[in-house]
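First comes the structure, then the notes that go with it.
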Amino acid sequence: MVSNLAGGRPPRQASESGAQLGALEAYAAQAHGFLSAGGEQLTQLAGLLRPLVLESWLRSVRGGVDPTDVIDGRGLRGADLERYRDAHPIAALMPLIDKLLVQDASQAGLIVTVADQFGRVLSVHGHPEQVEAAAEIGLREGDDLSERRIGTNAVGLVVRTGRATWIHGPEHFLHRMHQITGAAAPVHEPDGRLIGVLMIAGGMRVAKPEILALVKAAATAAEMDLVLRAMRAGHGTPVPANRDDDEQARLGLDVLGLGQPQLSIAGERVSISQRHAEILLLLTEHPEGLGADHLALLLDDTDLDNGTIRAAMSRLRSVIGASVVGSRPYRLRVHVATDVEELRAALDSGDTASALRMYTGPVLPRSSAPGICDIRDELRTRLRSAVLAVPDAAVLRRWTSCAEGRDDAAAWAAYRATVDRDSPLYAQIEAKIRVLDRRIGADATQMQRFGS
C-alpha cells in the first residue's frame, strides 16, 4: 500500500534530473549504512548528504531518534485533536488552502499535510488510498513530525529553520519514510511568527522544483490572507518582523536542562550567558513588556538597580541585534520561540509523551532569579500532573527514570499499577517504593525530633 503514495502514472522526468535523484538516493543509502554502524563511522556522513540534511541527521543522532522507529499509538486523536485543530489560527485559512493546494494535489494523486507551528499534523488531504498509505508510514492526523520526534523530514526542517525545503526518499532519517518525498513551506503570522507548515508529499515527482514553488506560493497567499484579516479587524497595517533579516526572522531560545543556554539565530546555535537567557525568557513570558523596576525584581529580589539592568540590556542587544528589544518598557519586537513554549503546547494538546521527551531538565536549573524559579516550578508541576493523570507505563517509566521523578513516590505507585504483578519489573518497582517509604518515614521522624 505504501507504494500508492507515488500516485497516478510514473512521472516524466528529464534524464539529468532522474540521474541526480538516483545519485542522491545511492549516497543517502550509503549514509544509512554508516549510521547503522555508528561510532566513528558517523564521520563518513559528510559528503554523502546535502549540508542541510547532514546537520539534521546529526541533530537527530544527538537527540536519540532511532532510525528504525516503528509507528506507535502516540499522538493527538479524536475529540482532543478536533478541539485543538478547530481552535488553531490556521483553521481560518483552510478554505483558501483547499482551493489553492488541496484540490489540485488530490487530483494529481498527491497528499497535502497541514501542520501546526510545532510540526503536529492537523490534517491530511488527498485520495483515500494515498491518505491510508501515508498513515501506514506514520503521516497521520495528530502525529508529531518535529525533528525531535522523528528526525529529518520536510515538516520538521521547516519548523526548525523557518525555510521552505524538500526531503527525498532515503534522506529521511526514519527508514519507514524512505518511499516518500515531501516539499514543505512555512506560514507566518503578520508579525513574523510561525503559525504552521504546508507540505505536499508523494513519489519522486514531488522533488521537482515546480512542486516546492507551488507549496511556497500557497503559503505566501495564506500569509497575505492573514495580513488582510488583521487589517479588517482594525489592527491597522501589521508591522511584520523583517523577514529578509535572518537574525530577526528566526530567533529561538533553549533553556531546558543542565547545558549552557542556547540561542538560535537564523538556524545557527550559539551559547549565551545565564543572565541573557533569563532576560530573554522573562520577556517572552511578558509580551506586553517589562519596566526596568519590574524586570529587576524578577531577576533579583535583593538589590538590582536600574543601571545594572540597562547595562545588561545593552550587552544583550549586542548579541541578538539592537532592534530586537524595544525600550520603555523593555519588550521583544519579534517572536522568540522557546523550548518552554513548545513543551507547554504539547501539554496543552494533551501529548504528555512528547512533552516528557522535550523535558531534558528544569528551566535554567542554576538560576535563582525569582521570575525564573516561578516558570521552573510551574512547568515541572504541570508536567508532573500530566504524567500522573494518564496511566501510561511508558510515560511513567520515563518520568521515574529522570532526575525530577526519580524519588516521586506517587509516580512510582502509579507506575506499579500499570505493571503485571507477576512481572519481575513489578518486584523492582515495589522495592523502590519501599525504599522511598522508609526514607519518607525517616525524614518525618527527624523533623519531629527537631520540633520537640
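Keep in mind it's a predicted model, so treat the numbers as computed, not measured. Residue numbers start at 1 and run along the sequence shown.
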Rounded to the nearest 0.5 Å, what separates atom [atom1] in [X] from atom [atom2] in [Y]?
X: L332; Y: L280; atom1: CG; atom2: CG; value: 6.5 Å
X: I200; Y: T113; atom1: CD1; atom2: OG1; value: 9.5 Å
X: L145; Y: D143; atom1: CG; atom2: CG; value: 6.5 Å
X: Q41; Y: F34; atom1: CD; atom2: CZ; value: 6.0 Å
X: I320; Y: L263; atom1: CD1; atom2: CG; value: 7.0 Å
X: H168; Y: T181; atom1: NE2; atom2: OG1; value: 4.5 Å

How close do [X] and [Y] get, heavy atom to heavy atom, and via which atoms?
X: Y84; Y: R120; value: CE2-CD, 4.3 Å
X: I375; Y: E285; value: CD1-CG, 3.5 Å
X: P67; Y: L35; value: CG-CD2, 4.0 Å
X: F173; Y: V65; value: CE2-O, 3.3 Å
X: V159; Y: D116; value: CG2-O, 4.5 Å
X: V155; Y: G119; value: CG1-CA, 4.0 Å

Any side-chain to backbone donor/acceptor pair from [X] onto [Y]? Under 3.5 Å, distance only.
X: Q274; Y: P261; value: no
X: W166; Y: K208; value: no
X: R229; Y: A92; value: yes
X: S423; Y: V419; value: no
X: R376; Y: L364; value: yes
X: T400; Y: R397; value: yes
X: D339; Y: L256; value: yes
X: R176; Y: T68; value: no
X: R85; Y: L122; value: yes
X: D392; Y: A353; value: no

Is a side-chain donor-acceptor pair under 3.5 Å present for [Y] with [X]?
X: H88; Y: Q117; answer: yes
X: E141; Y: S123; answer: no
X: E147; Y: T152; answer: no
X: Q103; Y: D98; answer: yes
X: S354; Y: D351; answer: yes
X: E129; Y: H127; answer: no

Next on the checklist: Aromatic contact between H172 and W57, with the criterion being ring centroids under 6.0 Å apart: yes or no?
Outcome noted: no
Item to check | Check against side-chain contact (heavy atoms from CB on, under 4.5 Å), L226 and L93 | outcome: CA-CA 8 Å; L226 287 171; L93 301 173; 4.0 Å; yes
Item to check | Enclosure of E210 CD (heavy-atom neighbours >12, cutoff 6.0 Å) | outcome: yes
Next on the checklist: Would you say that more than 12 heavy atoms from the other residues, nucleotides or ligands in this model lie under 6.0 Å from the NZ of K432, or not?
Outcome noted: yes
Checklist entry - Under the side-chain contact (heavy atoms from CB on, under 4.5 Å) criterion, do L281 and E341 qualify, and how do the steps go? => result CA-CA 10 Å; L281 183 58; E341 174 190 31; over 6 Å; no
Next on the checklist: Determine whether Q179 and I137 satisfy the following criterion, side-chain contact (heavy atoms from CB on, under 4.5 Å), listing intermediate values before the conclusion.
Outcome noted: CA-CA 9 Å; Q179 297 188 55; I137 63 169; over 6 Å; no
Checklist entry - Given the rule in the salt bridge (Lys or Arg N to Asp or Glu O under 4.0 Å) test, do R269 and D254 qualify, once you have shown the distances and angles that lead to the verdict? => result CA-CA 10 Å; R269 292 169 65 82; D254 290 340; 2.7 Å; yes
Check [Y] with [X], please: is the shortest side-chain N to carboxylate O separation under 4.0 Å?
X: D377; Y: R382; value: no
X: R83; Y: D80; value: yes
X: K99; Y: D104; value: no
X: D348; Y: R344; value: no
X: R50; Y: E171; value: yes

Can you check whether [X] reaches [Y] side chain to side chain, under 4.5 Å on heavy atoms?
X: M94; Y: V114; result: yes
X: R380; Y: P362; result: no
X: V387; Y: L396; result: yes
X: R384; Y: W399; result: yes
X: E25; Y: H178; result: no
X: D144; Y: I150; result: no
X: L194; Y: F118; result: no
X: R163; Y: T165; result: no

Next on the checklist: Run the side-chain contact (heavy atoms from CB on, under 4.5 Å) test on R148 and R160 for me, step by step, so that the C-alpha distance in whole Å, both residues' side-chain angles and the decisive distance to 0.1 Å come before the verdict.
Outcome noted: CA-CA 10 Å; R148 289 185 180 187; R160 175 81 188 190; 5.6 Å; no
Item to check | For V325, the option from L283, V336, I279, V334 that meets side-chain contact (heavy atoms from CB on, under 4.5 Å) | outcome: L283
